[in-house]
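Remarks on the structure that follows.
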Amino acid sequence: MSRTSLRALVKTAVFAGATVLVLPLLLSFWVRAALMGRDRALEGSSQVLSLVPGLVGDYLRRAFFARALAHCHRSASIGFGTVFSKAAAHISENVVIGPRCHIGLVRLDRGVLIGPGCHLPSGGRTHGTADRFTVIRDQAGEVKRVHVGEGAWIGSAAIVMADVGAHTVVAAGSLVHEPIPPAVVVGGVPVRILKRRGPSGRPVLGDPSEANTESNNVNQWGSKMTPESIERSVAQAVARLARIPEAEVDLSRSAVDNGIDSLGLLVLRESLERRLHVHITDDAWTGFDSLRDVVAYVGASSEVSAFSWADPSPARAHDVQFRPAPYLTDTGLFHDAVEIGMPITGLNNLAESPLLKYLGHLRWSHLSAVCGVPSRDVTDTDGHRLYPTFFYIDLQFPEHRHMASYGENDRLKVVSTLERFGASMLDGVIYLLPGDWPDGGPLRFDGLATAVAAGVPAARMSNIFVKQFGGAEWLKKSRPANSGFDRIREVAVAPDSYRAVKEAERNGCFECAPDGFVRMTPGSVSLDYDLVADRDLNGAGLVYFANYPLFLDICERRALKGCRFGLSDELLDRRSLVRRRSAYLNNASSRDTLSVEVEAWLENPAILGHPAPEAAPVRLFINHRMRRCSDGRLMMVSTAEKVLSGYCLEDLPFFKDLLAEYRDTSDQLVVGCTH
């Protein structure tokens with residue numbers, strides 16, 4: 001008898017002995033399965049068996065699961081601490097499941113290797129979450145079989161909720177949330193393809209579906225191609241893109257002359273790099289006069305495998321940790337995270353109006369999270385829908401980190417506070433913390449001023465509740481009757497923002513320009529803005545609060561272009577907010593026209609004895625008042641402080657005139673507002 005046959009005989013005998021030992025547990029399983037279902041019975045049995053260590057435990061688990069699961073090959077190895085939750089699981093031959101794994105409804109094909117601590121639940125939707133008022137465990141989920149193809153390797157601590165192709169490697173700690181193709185290496189949270197695997201594990205560049213073509217068989221694993229095979233690969237790629245027969249491709253002509261347009265040229269370059277396993281530089285690509293130049297370039301390349309198109313730089317650690325789901329803490333703070341992208345930028349990086357839309361949404365999310373009521377369901381005692389409209393906003397940035405300092409892909413961790421005065425008013429501050437701020441770290445701020453002093457932008461936002469009494473033109477104050485409103489922390493006195501709004505309404509501004517500022521506009525300049533229903537209103541039919549500053553900026557641009565120290569469009573594009581205080585007083589109908597009054601000042605540091613006024617930043621101070629033309633009712637009062645990002649006073653075309661006119665005129669220090 002050969003050694004192999006002897007080993008097989010011993011394994012068979014050991015397996016038979018293990019089967020005898022687990023018979024009592026199998027009998028118990030079958031009885032409990034009849035009473036409570038196979039899945040619940042399996043969980044208890046697998047938990048017991050998972051605690052048996054060593055080789056003995058491995059054989060006992062094999063013997064039990066071979067009869068308890070839908071299919072479990074006797075050659076499969078199941079590690080210590082591993083539990084199963086679905087009796088319909090299918091385990092093929094030579095599968096190895098490491099210790100401390102959780103296995104749901106799966107099909108593991110031959111030779112699959114599962115590392116320690118992996119989780120393979122029954123798909124990604126095992127729990128329903130649609131109804132926020134029903135506990136998650138009581139909501140129906142979707143159970144789906146996860147299929148892991150032959151020879152795949154799932155690294156330690158990975159979570160696999162979707163199918164994995166044959167011979168694919170899933171890096172340790174990864175999250176698989178959608179199907180993964182065969183013969184690739186993936187990693188990340190969520191996963192992305194890092195490289196493709198060749199027959200001997202070497203990366204493959206290009207689509208694995210092309211691996212069987214004659215031309216790719218020559219070079220796909222990195223060996224040098226012949227000129228003939230290169231020509232054929234180029235001709236095949238051009239023919240496919242130009243939709244012509246391969247025989248009609250003329251290599252002596254350019255790709256354009258062969259019928260490929262400008263967009264097709266981009267695709268052709270990428271396709272050739274994949275097929276031919278080379279990197280074509282920008283200079284080389286633009287210098288090709290014919291397709292034969294491409295053939296010669298590839299043939300002269302000495303490093304066929306030097307370029308790895310499908311192997312981008314690995315994600316940084318914070319890329320996969322940055323964006324947590326919004327959550328509410330026990331202390332009532334609401335946390336979110338945002339990466340600045342195009343939706344919240346404008347001409348000059350981060351933009352005010354889209355930022356306010358985000359902050360407004362965050363306030364409603366915070367309110368809903370505390371009260372347990374969606375914003376659309378906030379009602380008064382008569383069941384009328386209420387709108388938690390803003391009446392005061394103070395948005396402030398540190399001057400050295402003004403709004404335009406925040407650009408695309410900058411990241412912020414956002415923390416929102418919320419308190420109420422009775423059932424009438426809401427108040428709170430939203431802090432825009434740096435992206436590397438530690439989760440759960442102390443705020444160390446007691447309000448807007450201390451945050452900005454510490455270099456952190458913040459927005460104080462105050463709300464009242466209104467209902468539409470006569471359309472958007474007539475909003476009537478009310479109070480919510482929802483019981484969850486009482487969960488918001490209550491304060492004993494009304495927020496001082498209410499008094500600030502009333503004073504701004506009475507005075508026509510929050511404050512006048514400080515010393516050292518000179519007039520740009522001759523008093524108050526009035527400009528009209530026509531509302532556009534399809535652009536300026538929100539889903540409630542009200543003029544969107546976040547658009548109010550946008551209306552002001554549009555009119556402000558017109559006023560500052562035509563004033564005595566007029567600014568060009570190039571300079572106006574660089575306006576960047578440092579602070580804006582806004583009093584929201586009324587709304588308007590979409591059929592209305594708005595009248596915006598603009599008063600603007602420019603800082604002249606020479607008046608205050610600045611030692612180098614030419615190097616001083618360009619500071620603007622603007623007061624706005626906005627009315628609706630239908631009845632003249634005041635809708636908004638705003639005071640804004642801005643800078644021209646990237647410019648100093650010396651860059652202004654009128655800088656010398658500014659210095660000359662105000663060098664010795666101390667009376668210009670008086671710069672009061674007009675109303």
Side-chain angles (χ1 to χ4, degrees), residues 352-364 367 375-380 382 384-395 424-427 459-480 495 497-498 500-506 508-510 526-556 580-598 623-640:
E352 182 179 5
S353 181
L355 175 63
L356 287 177
K357 291 180 181 179
Y358 166 72
L359 297 179
H361 170 72
L362 194 75
R363 170 59 58 87
W364 311 149
L367 176 64
S375 56
R376 66 172 181 266
D377 293 335
V378 177
T379 61
D380 61 12
D382 296 325
H384 297 132
R385 177 176 177 183
L386 301 183
Y387 302 96
T389 186
F390 292 102
F391 70 85
Y392 175 77
I393 295 178
D394 188 351
L395 176 60
S424 302
M425 293 184 182
L426 296 176
D427 193 36
R460 182 181 177 188
M461 309 176 79
S462 302
N463 310 92
I464 56 174
F465 292 87
V466 299
K467 58 184 176 182
Q468 293 193 36
F469 192 71
E473 301 97 324
W474 192 355
L475 301 178
K476 189 173 183 180
K477 299 178 181 64
S478 188
R479 301 195 304 177
S497 55
Y498 176 74
V501 166
K502 301 309 292 183
E503 290 178 357
E505 182 180 13
R506 182 173 58 253
C509 65
F510 283 91
S526 182
L527 299 154
D528 286 347
Y529 177 86
D530 294 325
L531 286 169
V532 179
D534 296 323
R535 179 185 61 205
D536 299 334
L537 272 59
N538 61 17
L542 303 173
V543 179
Y544 203 162
F545 87 95
N547 285 338
Y548 279 39
L550 182 61
F551 306 154
L552 304 183
D553 284 349
I554 290 172
C555 295
E556 176 188 303
R580 185 191 298 274
R581 283 161 290 176
S582 300
Y584 290 81
L585 304 170
N586 285 285
N587 212 278
S589 163
S590 62
R591 300 177 298 277
D592 220 326
T593 296
L594 307 181
S595 176
V596 178
E597 301 170 15
V598 181
N623 277 329
H624 306 87
R625 288 171 294 279
M626 186 167 71
R627 306 176 188 274
R628 61 192 190 205
C629 293
S630 58
D631 59 3
R633 187 177 290 271
L634 188 62
M635 289 181 59
M636 184 185 199
V637 174
S638 167
T639 294

From the list Ile393, Leu426, Asp427, side-chain contact (heavy atoms from CB on, under 4.5 Å) with Asn463 holds only for Leu426
How long is the span from the CZ atom in Arg627 to the CG atom in Asn586, to the nearest 0.5 Å?
11.0 Å
Is the distance between the ring centroids of Phe390 and Trp364 less than 6.0 Å?
yes
Is the number of heavy atoms from other residues, nucleotides or ligands under 6.0 Å of Arg479 CZ greater than 12?
no
Would you say Ser638 and Arg580 make side-chain contact, with heavy atoms under 4.5 Å?
yes
Euclidean distance, Glu505 CD relative to Leu634 CG, rounded to 0.5 Å:
6.0 Å
Around atom OH of Tyr544, are there more than 12 heavy atoms from other residues, nucleotides or ligands closer than 6.0 Å?
yes
When rounded to the nearest 0.5 Å, the distance separating CG of Leu531 from SG of Cys629 is 9.5 Å
Can the ring centres of Tyr529 and Phe551 be said to be less than 6.0 Å apart?
yes
Using 30° and 60° as the class limits, which term best fits the ring planes of Tyr498 and Phe391: parallel, tilted or perpendicular?
perpendicular
Could you state the interatomic distance from OG (Ser582) to CG (Leu552), rounded to the nearest 0.5 Å?
7.0 Å
One pair to check against side chain to side chain contact (heavy atoms under 4.5 Å, CB included): Ser497 and Arg460. What are the steps and the verdict?
CA-CA 9 Å; Ser497 55; Arg460 182 181 177 188; 3.7 Å; yes
Quiz question: by atom type and distance under 3.5 Å, do the side chains of His624 and Glu556 form a donor-acceptor pair?
yes
What heavy-atom pair brings Leu537 and Ser590 nearest, and what distance separates the two atoms?
CD2-CB, 3.6 Å
Atom pair CZ/OH of Phe545 and Tyr584 - distance to nearest 0.5 Å:
6.0 Å
Under 3.5 Å, is there a donor-acceptor pair linking the side chains of Asp528 and Thr593?
no
Of Leu356, Leu594, Asn587, which is the lone residue that meets side-chain contact (heavy atoms from CB on, under 4.5 Å) with Tyr548?
Asn587
Residue pair Val596 / Met626: nearest heavy atoms and the distance that separates them
CG2-CG, 3.9 Å
Once rounded to the nearest 0.5 Å, what's the spacing between atom SG of Cys509 and atom CZ of Arg581?
9.0 Å
List the atom of Arg385, the atom of Thr379, and the distance in Å for their closest heavy-atom pair.
CA-CG2, 4.2 Å
So which heavy atom on His384 is nearest to which on Asp380, and how close?
N-OD1, 2.8 Å
